[in-house]
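These numbers were taken from a predicted model, which means no experiment stands behind them.
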Amino acid sequence: MFENPFADTVPTHFAIAATVYTEPLKRLQEETNTKRSKLIFAIGGYGNGKSHALERLKNDINIAESKKLAVYSSAFATKTLRGVYDQIASELMAGKYDKLNNSPENRTVMETKGIPEKIVNIFFKNNLFRSKDEVRPDLQFGKIVSSSVDVIQFICALSTLVEQFILMIDDIEEAATMDRNERKIFFGYLRALYDQAVRNDNNILVLLTFIPNKLQLLQADRQDFYARMDAEVHFEKPSIKEIMDIVRKRLEISGLEKYKFTDKALKQIYEETDSIRDMFNLFKTSLAKAEANGEKKIDAIKLPKKSKTVSTIRGSKPADEAIFSVLRKQEGLKAEEIVQKTEMSNPWIRHRLADLVREGILTKQQIARNKPARYFLAKEEDEKE
């Protein structure tokens, strides 16, 4: 079986990744071409390419720009600056430390910008730039960097060692699960990072992704932070022509030019879906079926039955389809069994299970208090035939 070019994970093959989300990705690239600090919001519904674009942008910058450093922080790290810091430290130790400018003059630059001595000493011993092995133990959270204020100072110090530091925080709307006061404090720290970068003339670009209704949450919680935004980049459903180009390029780059989706099939998929993820799920399934049947032309698309579960996927969180897929095959599973079968984060899956039960999409049954609950897909009337 070939590697399906429409797999719903973030592509690691750069050529394939380059065929997706061209217009908003181009806009993000243009926004990063700057010599001043910026706050950029990437806005779009789930499944319309924000994560793919950020991953591609990060790789492009880190590979092609020797004096720039880009770090991507996943949704699971966005609720605290400590999580963001841990991701930055991990990236540095994974090979990005070599991108830093080891000029002894940068110690003076840090001090001039008001960076605390303990943070300066992470990178310098007297005027000598420390090696990665020397720095490694000091990067453990709590040893030197032990608070959100320290994280801000660390990021500002790091930015003096590169031409530009780009911090990408994806799915930041997960902060919506926090207590409102905690959320306001977290957004306040991000505002403080941006303000210090502007005040000290650091070239730090902060790029945050939001779904539209959670951007309104930020406006309500921290209008002062929202007002600092320099630009919005919108990820919306592409045109049918763009989708045709994406499909053609993905098949071509994967060496699968012999497979053809007819215009009829492409139009059918386009009209019946709301996001790129939904489209790719249908492309992936249809291509796998054609390969299994020895067919080269894909003309008829079997669309999923419209039910409460399917409609919830549209605009849902990325983990939902994995949960639904597992429970379609075997209902009555415990949470740990769903985690194992989806191979996704335990806290994330449990968080989504609770939400889906609350929304009536799943049902939860527990036969005794000391027995783990089991989860089932909720049945609709039109499915009881």
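Between the Ser37 side chain and the Asn202 main chain, a donor and an acceptor come within less than 3.5 Å of each other. The backbone N or O of Asp86 lies less than 3.5 Å from no partner atom in the side chain of Ser90, so there is not a single donor-acceptor pair. A donor-acceptor pair is defined here as one N or O able to donate and one able to accept, closer than 3.5 Å; no such pair exists between the side chain of Lys96 and the backbone of Leu69. Although no hydrogens or angles enter the test, the distance criterion places no donor-acceptor pair under 3.5 Å between the side chain of Asp230 and the main chain of Ile40. Side chain of Ser159 to backbone of Cys156: a donor-acceptor contact under 3.5 angstrom is found. A donor-acceptor contact shorter than 3.5 Å links the side chain of Gln164 to the backbone of Thr32. A donor-acceptor pair under 3.5 Å is absent between the side-chain atoms of Lys289 and the main chain of Ile298, judged by distance alone. Although no hydrogens or angles enter the test, the distance criterion places no donor-acceptor pair under 3.5 Å between the side chain of Asn106 and the main chain of Leu161. No donor-acceptor pair under 3.5 Å is formed between the side chain of Gln29 and the backbone N or O of Leu57. Proximity of a side-chain donor or acceptor of Thr342 to a complementary backbone N or O of Val339 within less than 3.5 Å is detected.
By the 6.0 Å contact criterion, NZ on Lys267 is open, its count of non-hydrogen atoms from other residues, nucleotides or ligands being 12 or less. Other residues, nucleotides and ligands contribute only 12 or fewer heavy atoms inside 6.0 Å of the NZ atom of Lys341. Other residues, nucleotides and ligands place more than 12 heavy atoms under 6.0 Å from the NZ atom of Lys132. The number of heavy atoms from other shown groups lying within 6.0 Å of CD (Glu117) does not exceed 12. Heavy-atom neighbours of Gln340 CD from other residues, nucleotides or ligands within 6.0 Å: at or below the threshold of 12. Counting heavy-atom neighbours within 6.0 Å of Gln219 CD, excluding the residue itself, gives a total above 12.
For the residue pair Ala53 and Leu25, the shortest heavy atom distance occurs at O-CD1, 3.6 Å. The two residues Pro24 and Val233 come nearest to each other via the heavy atoms O-CG1, 3.7 Å.
Between Asp170 and Lys58 there is no salt bridge, since no side-chain nitrogen of the basic residue lies less than 4.0 Å from a carboxylate oxygen of the acidic one. For Lys184 and Asp221, the salt-bridge test fails: no basic side-chain N is under 4.0 Å from an acidic carboxylate O. Taking a cutoff of 4.0 Å between a charged side-chain nitrogen and a carboxylate oxygen, Arg191 and Asp195 qualify as a salt bridge. Salt-bridge check for Glu111 with Arg107: passed, with a basic side-chain N closer than 4.0 Å to an acidic carboxylate O. A salt bridge is absent between Lys296 and Glu257; no separation between the charged side-chain nitrogens and carboxylate oxygens falls under 4.0 Å.
Separating the CG atom in Leu193 from the CD1 atom in Ile204 is a distance of 5.5 Å, to the nearest 0.5 Å.
For Lys50 and Phe210, the positive end is not near the middle of the six-membered ring at less than 6.0 Å and at most 45° from its axis.
Cluster annotation: Val198 and Val149 are assigned to the same hydrophobic cluster (Ile/Leu/Val/Met/Phe/Trp/Tyr, side-chain heavy-atom contacts under 4.5 Å, transitive).
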Residues Ile88, Phe165; criterion side chain to side chain contact (heavy atoms under 4.5 Å, CB included); working and verdict: CA-CA 11 Å; Ile88 294 172; Phe165 180 73; 4.0 Å; yes
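Aromatic ring centroids of Phe129 and Tyr97 lie under 6.0 Å apart.
Listed by first and then second residue, the ring pair (Phe, Tyr, Trp, His ring centres under 6.0 Å) pairs involving residues 133-157 are Tyr85-Phe141, Tyr85-Phe154, Phe123-Phe154 (not counting sequence neighbours).
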